[in-house]
Chemist: 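Could you have a look at this structure, given as structure tokens, before my questions?
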Amino acid sequence: MAKSRVLPAVLLTLLLAGASAGQAVTLVFEGEHYTWIKPSMRKGTDDGASQKGYVEIPLQRPHGEQEGEPFDDGSVTFKINIPQNGKYWLWARTWWYDSCGNSFFVMVDDMSPEIPTYITSTKKRKWGWVRGRQYTLAAGYHVIRFQNREDGAKLDQFLLTTAPEKWEPKRAYSETAQYLWQPEK
Ligand SMILES: [Ca+2]
């Protein structure tokens, strides 16, 4: 009897795990493969970054040592094609200079919101993932912008995923360039 009870429980767990993994949609974009860029945002290279490329708000001299207004509105903007309706968590793979160089404004579709949201974390001077907000996105084209909030902030990749809130990215992932809008040639 014990055997027959255990087996269905294991099968059910496997089926549930398979179902949730199979349904999650994850889109991965390289920061340096932006659609549009506005200085002072610029490209950089680093062996620790996926495809050895990133974009950054370069350090200023003097570097801002206090929280204040950004010195410009440099940004990268991505036009992407969401394949299916869903609630997508935004994650960004970033490198921060210090606690006054550890954030980007993030705008989704509304490029001049009254209160823009931003991403930040305390992880400094190494590449790592930062979670942003969850967005409800309909299938079709959307624009996402990362904009200067503090100098010394770098963006390697970002991803959008319908995986559950508890899921965390662990490394850099292969780019899903098919979801990035391409201008007609
Ligand atoms: Ca990259």
Side-chain angles (χ1 to χ4, degrees), residues 24-60 63-64 70-83 86 88-109 111 116-135 137 141-163 165 167-183 185:
V25 176
T26 301
L27 316 178
V28 181
F29 303 97
E30 296 287 345
E32 65 275 21
H33 294 168
Y34 48 79
T35 314
W36 299 283
I37 189 166
K38 181 177 184 182
S40 63
M41 189 75 81
R42 69 179 185 188
K43 276 194 197 186
T45 58
D46 185 280
D47 284 346
S50 173
Q51 300 195 26
K52 300 191 177 183
Y54 63 85
V55 286
E56 68 172 347
I57 297 297
L59 274 177
Q60 299 298 295
H63 169 59
F71 62 91
D72 71 8
D73 61 352
S75 66
V76 272
T77 306
F78 301 81
K79 184 173 179 178
I80 63 170
N81 194 4
I82 293 289
Y88 292 82
W89 284 104
L90 175 82
W91 288 86
R93 191 165 191 261
T94 60
W95 186 103
W96 308 131
Y97 179 71
D98 64 10
S99 56
C100 286
N102 63 334
S103 66
F104 285 111
F105 284 124
V106 179
M107 301 163 192
V108 176
D109 293 330
M111 293 293 108
T117 59
Y118 63 93
I119 50 167
T120 187
S121 70
T122 55
K123 191 177 294 177
K124 289 189 277 290
R125 301 199 186 184
K126 62 181 200 180
W127 292 107
W129 288 96
V130 183
R131 188 170 63 196
R133 276 183 47 195
Q134 189 185 44
Y135 297 90
L137 298 174
Y141 287 110
H142 296 268
V143 282
I144 298 186
R145 175 172 296 170
F146 294 83
Q147 184 171 308
N148 181 14
R149 186 169 182 275
E150 295 177 301
D151 59 308
K154 303 178 181 182
L155 173 69
D156 174 18
Q157 295 192 317
F158 71 96
L159 64 81
L160 290 163
T161 182
T162 61
E165 185 173 3
W167 180 82
E168 291 183 24
K170 296 287 191 288
R171 54 181 170 82
Y173 294 89
S174 297
E175 178 184 32
T176 57
Q178 68 272 31
Y179 299 116
L180 192 62
W181 172 78
Q182 299 293 339
K185 299 226 168 84

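In listed order, ligands and their atoms are each counted from 1.
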Chemist: Using distance alone, with no hydrogens and no angle criterion, decide if Gln51 and Glu175 have a side-chain donor and acceptor under 3.5 Å apart.
Modeler: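 A donor-acceptor contact under 3.5 Å links the two side chains.
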Chemist: Is any NZ, NE, NH1 or NH2 atom of the basic residue among Lys52 and Asp46 found under 4.0 Å from an Asp or Glu carboxylate oxygen of the other?
Modeler: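 No.
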Chemist: Which protein N, O or S atoms lie under 3.0 Å from the Ca ion (ligand 1)?
Modeler: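 Listed by chain and number, the nearby protein N, O or S atoms are Glu30 OE1, Glu32 OE1, Glu32 OE2, Ser50 O, Gly53 O, Asp156 O, Asp156 OD1.
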Chemist: With a 3.5 Å cut-off and no angle check, do the side chains of Trp96 and Ser121 form a donor-acceptor pair?
Modeler: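 Yes, side-chain donor-acceptor contact under 3.5 Å.
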Chemist: Treating Thr176 as the side-chain partner and Leu27 as the backbone partner, does any N or O pair qualify as donor plus acceptor under 3.5 Å?
Modeler: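 No.
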Chemist: Tell me yes or no: between the side chains of Thr26 and Thr161, is some donor less than 3.5 Å from an acceptor?
Modeler: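 Short answer, yes.
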Chemist: Quick one: closest heavy-atom pair of Glu32 and Ser50, and the distance?
Modeler: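 Distance-wise, the nearest heavy atoms are OE2-O, 3.3 Å.
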